[in-house]
Number of protein chains: 2
Amino acid sequence: MNFEVQKRSFSSAAAHVQRNPAYSVLNSDDVSYFKSILGESGVVQDEDRVAVANMDWMGKYKGSSQLLLLPKSTAEVSKILSYCNSRRLAVVPQGGNTGLVGGSVPVYDEVIISLGGMDKIITFDNVNGILTCEAGCVLENLSSYVENKGFIMPLDLGAKGSCHIGGNISTNAGGLRFIRYGSLHGSVLGLEVVLADGTVLDMLTTLRKDNTGYDLKHLFIGSEGSLGIVTKIAILTPAKLPSTNVAFLSCNDYISCQKLLLAARRSLGEILSAFEFMDRHCINLAMKYLEGVHNPLPVSPYNFYVLIETTGSDESYDKAKLEAFLLRSMEDGLVADGVIAQDISQASNFWRIREGISEASVKVGAVYKYDLSIPVEKLYDIVEEMRSRVGDMGQVLGYGHLGDGNLHLNILSTKYSDKMLAQIEPFVYEWTSKQRGSISAEHGLGLMKAEKIHYSKSSEAVQLMASIKKLLDPNSILNPYKVLPQSVL
Amino acid sequence: MNFEVQKRSFSSAAAHVQRNPAYSVLNSDDVSYFKSILGESGVVQDEDRVAVANMDWMGKYKGSSQLLLLPKSTAEVSKILSYCNSRRLAVVPQGGNTGLVGGSVPVYDEVIISLGGMDKIITFDNVNGILTCEAGCVLENLSSYVENKGFIMPLDLGAKGSCHIGGNISTNAGGLRFIRYGSLHGSVLGLEVVLADGTVLDMLTTLRKDNTGYDLKHLFIGSEGSLGIVTKIAILTPAKLPSTNVAFLSCNDYISCQKLLLAARRSLGEILSAFEFMDRHCINLAMKYLEGVHNPLPVSPYNFYVLIETTGSDESYDKAKLEAFLLRSMEDGLVADGVIAQDISQASNFWRIREGISEASVKVGAVYKYDLSIPVEKLYDIVEEMRSRVGDMGQVLGYGHLGDGNLHLNILSTKYSDKMLAQIEPFVYEWTSKQRGSISAEHGLGLMKAEKIHYSKSSEAVQLMASIKKLLDPNSILNPYKVLPQSVL
């Protein structure tokens, strides 16, 4: 990653916002105070370590914070925020720093609060499958933990090896199991959150149903750390079913992908657990940049690829069902070619292709990532329109969670340039807005799209969001410059 | 229903709150204004019709409103609220008036706004199963509508023939399909809500995923009409699967019910769609008061009954699976006796028993209804403790959604009495609070439990709820005296 490219990109991203002069500047008394509550090891000033936390993994956003704090408990988070609020020091909460919209790194000199030190599992209810844990737990570790007990996490995503459950909740992560297990608004049962003034809001119940007053936890699911810092989580984990099957299919055109989705919903019904699609540009990229990955289908000019996963309780029945579905879809001309994984290693290879696209895309140099919700029938139109706008300046990829109407549109180039950006924005937002789509299906707004919220939300709604932000964080110390436009705050 | 009983009950229920003198008293100018926007037919002053809207269906709560308004559109609701807000006239939004906690009737002289005139289906997306409709649609009508298109509503409850979808959402109704399709926080995709000052908040998108800013719609799901009036809804409806099977089983003890639940989760897995339990007192009551209902099992001294429903895509496979499960459970001694419905009429009879308990319970005279979330292993303890407290003063029933940890505890008596109430409260709330349970799993707080919220919520959480109430409804005109304690407002 070229540092010049990063800086350049950052400066254009931050061009829209000025540092808010209402915030204090960190001084040595502040650092001493933090050391008094966190100890020496919890207060990081080392330039190299702070530099890593200042920058996102794509090298697209870079802040200039001087301080990284590593609290070990809710009480410590509370003391940090209480102090920062009274001192008007802006902060950015950071989980695994795997976000795609510049939400988890400082914009200017915000104090970075990493939740990485809060990674304990608190309890697991074996009967009901309810996990209670701290926010800094890595998703993949939680997955392994609950799988050993016969359950699975209700979400799964490519970044699982680094992302934190607290970050997943703060960004309302969607991912690969959404089609089966739905949104985190459905599966999160309880939260503990520290508010801007240090108040600890205990909503950490493990009940499936609780209609006593307003369900406040939903405010913190997807508000990107701008209303409070999530410190503990209770989440419902579905039973792990013994039979998983994965098929990798090719389709000649997009209309076949749509028809295949409909057919899968009807025929596979309750065992369907993923329906992911990729265009051939994605596959080519994955083959080129991902180590040890190979195309399961003979190389030929298919335009689209679909990964279907089923999860059920009966191995032989489920497999027969998937085979019958595949056969019928080929007879009906929906599927050009296809293969069902014969073992776990093949299934992992199929998934590695799909999950590795994001990783592969950054290897080209620069990547402009958009994450759109669009009615399924129009979903691929924007990819083709974008391809004709960009021409030979870059490569346009379309992939994503077709079952949820969620397209990941990536435009790859050797470096970030204003010329390229002008070809993409505001076109991509205007187009999506015209379809009444969402300009952020699952990635959030962060710094990248805070000023674009009006493409998907009414002015009344944005105004109410701003009022809620002011109510919960009157000094606006939590994750500033992000999520909401500066003009409404 | 005896009018004296009703009045008596009402006066003890309302004893805790005084009419807020900040509210204006309705005058003839107000009525003229409402007629100017709604026409004569939209403004009801007829004593008999207003009396019906003043009282809940159990005859437990009764207000003294002089006016019932019947808006036909969002614009009319907006005009009503804008006027009432400026005049400081308190209002109560009313759907099907099937609530159990006095939430949908006036406490004093609040203007009643019925949504019954807004009952249009707006669109149905056949591909993705997304229904958009007005708030006044009756749940059962929506069910029939979407079933004709090959989908089902994600919720189902005993009151479906009268309750409105707007009321379901405002109270975050749970019901019989919760175990399979989860909470409305997961299945509601969009809402249109009119705020206290008449602002129309358009959040009526039909996207499965949308992470652009705070997800405000969740504030209105379960806030019992105290933050805004829901006028339109977009909701995800699951595909209707062709095969439904229902079994009616008996267990000798509660521990067997619990073990059966665990076994059903593992063995029936993805096809399990309901797991309801009733004690023998419920069955006896249903047999006595429900017409045309009979016990599917030979009369014998079973202590518990369980209804299990499966829904899947393969009739013969699903039925064989349920039969095998039932056989194994009998062999393991979990089930004493059991029968699988052989046709739709038998299945309906099984369901009629479970759904009719609430209806049957009011026929005795007076019913004290509690709706608790309690860890499954402790769930029946409260029923037995209550039975010994009440003695021969009344009859104690325990039933509910065991799969969700949700107990309906009913105490039946010939009439409401303070002596009986003192045996039940605050014991029931204190006991539940000690188990970190919820004193309202799905019924809401309404008037009945507004002052009891602290048994299930921390003071910090209640304080934040009050701040949000003040932000959205500064004159507190929406559904006053309910949901939150008067002391925090």
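Below, chains carry the letters A, B, ... as their sequence lines are ordered, and counting in each starts from 1.
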Is B:V200 in contact with chain A via its backbone, its side chain, both, or neither, using a 4.5 Å heavy-atom distance? backbone
Contact class of B:L272 relative to chain A, heavy atoms under 4.5 angstrom: neither
Does the side chain of B:S438 come within less than 4.5 Å of A:K209's, by heavy atoms? no
Atom group of A:T199 that falls short of 4.5 Å from chain B, counting heavy atoms: side chain
What parts of residues 259-266 of chain A touch chain B if we use heavy atoms and a cut-off under 4.5 Å? A:L262, A:R265, A:R266
Please examine the side chains of B:N406 and A:L207, heavy atoms only from C-beta on, and report whether any two atoms are closer than 4.5 Å. no
Could you look at A:F151 and say if it's the side chain, the backbone, both or neither that has a heavy atom under 4.5 Å from chain B? side chain
Determine whether a donor-acceptor pair (N or O, by modelled atom type, separation under 3.5 Å) exists between the side chain of B:S456 and the backbone of A:T212. no
Highest number of heavy-atom pairs under 4.5 Å with chain A among B:T205, B:L227, B:V127 belongs to B:L227
Reported OG-to-CG distance for the pair B:S467 and A:L472, which is rounded to 0.5 angstrom: 8.0 Å
At a heavy-atom separation under 4.5 Å, does A:T206 approach chain B through its side chain, its backbone, both, or neither? neither
Separation between NZ of A:K321 and CG of B:D314, rounded to the nearest 0.5 Å: 6.0 Å
Could you check which of B:K469, B:Q463, B:K482, B:R180 has the highest count of heavy-atom pairs closer than 4.5 Å to chain A? B:K469
Specify which of B:L201, B:T171, B:L216 makes the most heavy-atom pairs with chain A at under 4.5 Å. B:L216
Does any heavy atom of chain B fall under 4.5 Å from the side chain of A:L445, the backbone, both, or neither of them? both
Measure distances from B:Y455 to the heavy atoms of chain A and classify the residue's part below 4.5 Å as side chain, backbone, both or neither. neither
Name the option with the most non-hydrogen atom pairs under 4.5 Å to chain B; the candidates are A:E460, A:R436, A:H185. A:H185
Looking at every non-hydrogen atom in both residues, tell me the closest pair between B:E270 and A:I271 and how far apart they are. OE2-CG2, 3.7 Å
Could you tell me if the side chain of B:D210 sits less than 4.5 Å from the side chain of A:K457, heavy atoms only? yes
For A:S313 and B:S267, work out which heavy atoms get closest and say how close. OG-O, 4.2 Å
Which one of B:G222, B:G129, B:S226 has the most heavy-atom pairs closer than 4.5 Å to chain A? B:S226
Starting at CG of B:L236, measure out to OG of A:S183 and round the result to the nearest 0.5 Å. 11.0 Å
Rounded to the nearest 0.5 angstrom, the NE2-CG distance for B:H443 and A:N211 is 9.5 Å
Heavy atoms only, distances under 4.5 angstrom: which of B:G269, B:G444, B:S459 has the most pairs with chain A? Name it, please. B:G444
Interface moiety of A:I468 toward chain B, non-hydrogen atoms closer than 4.5 Å: both
Mark yes or no for whether B:D202, through its side chain, and A:S458, through its backbone, hold a donor-acceptor pair below 3.5 Å. no
In the structure I gave you, are the side-chain heavy atoms of B:L484 and A:Y214 within less than 4.5 Å of one another anywhere? yes
So for B:K240, is it side chain, backbone, both, or neither that comes closer than 4.5 Å to the heavy atoms of chain A? backbone
Applying a strict 4.5 Å limit to non-hydrogen atoms, the region of B:D215 in contact with chain A is side chain
I'd like to verify something: which residue of B:L219, B:V376, B:D125, B:N172 has the highest number of heavy-atom pairs under 4.5 Å with chain A? B:N172
Compare all side-chain heavy atoms of A:H218 with those of B:K217 and state whether any distance is below 4.5 angstrom. no
Does any heavy atom of chain A fall under 4.5 Å from the side chain of B:S187, the backbone, both, or neither of them? neither
Does the side chain of B:R208 come within less than 4.5 Å of A:S373's, by heavy atoms? no
Chain A contact via B:L471 - side chain, backbone, both or neither, heavy atoms under 4.5 Å: side chain
Choice from A:L464, A:I439, A:I130 maximising heavy atom contacts with chain B below 4.5 Å: A:L464
